[in-house]
Amino acid sequence: MKKSILVAMLLGVVASVFAAPQTTCPVMGGPVDHKLYADVSGYRIYVCCRACVAAVKADPAKYIEKMKAAGVELEKTPVK
């Protein structure tokens, strides 16, 4: 149990050290257009086109996990 907690903590540290800002669309894989995004689950996810906005909104957890696994530093949704 202690070993798994330690491993999880180390993975979190490694991910935060090596995290990179988002430059590619999590849906299509192309470059993002910073004018197009979906604010979901507390994060702002940039995409390449309007169709990808709909895809992210339909299943935000899928794309958030995909980006985290790729080491992308997710931007928090701005507070208004």
### Message
Looking at every heavy atom in both Pro21 and Val72, which two are closest together, and how far apart are they?
### Response
C-CG1, 4.3 Å
### Query
With side chains defined as the heavy atoms from C-beta onward, is the minimum distance between Val47 and Val32 less than 4.5 Å?
no
### Query
Under 3.5 Å, is there a donor-acceptor pair between the Tyr46 and Glu75 side chains?
yes
### Query
Is Tyr43 close to Ile64 at the side-chain level, that is, under 4.5 Å between some pair of heavy atoms?
yes
### Message
To the nearest 0.5 Å, what is the distance between NZ on Lys57 and OG on Ser41?
### Response
12.0 Å
### Query
Can you tell me how far SG of Cys52 sits from OH of Tyr63, rounded to the nearest 0.5 angstrom?
7.5 Å
### Message
Rounded to the nearest 0.5 Å, what separates atom SG in Cys49 from atom CG in Leu36?
### Response
7.5 Å
### Task
May I ask you to test the Ile45-Pro26 pair for a side-chain heavy-atom distance under 4.5 Å?
yes
### Task
Answer yes or no: is there a donor N or O on one side and an acceptor on the other, between the side chain of Glu65 and the main chain of Met67, under 3.5 Å?
no
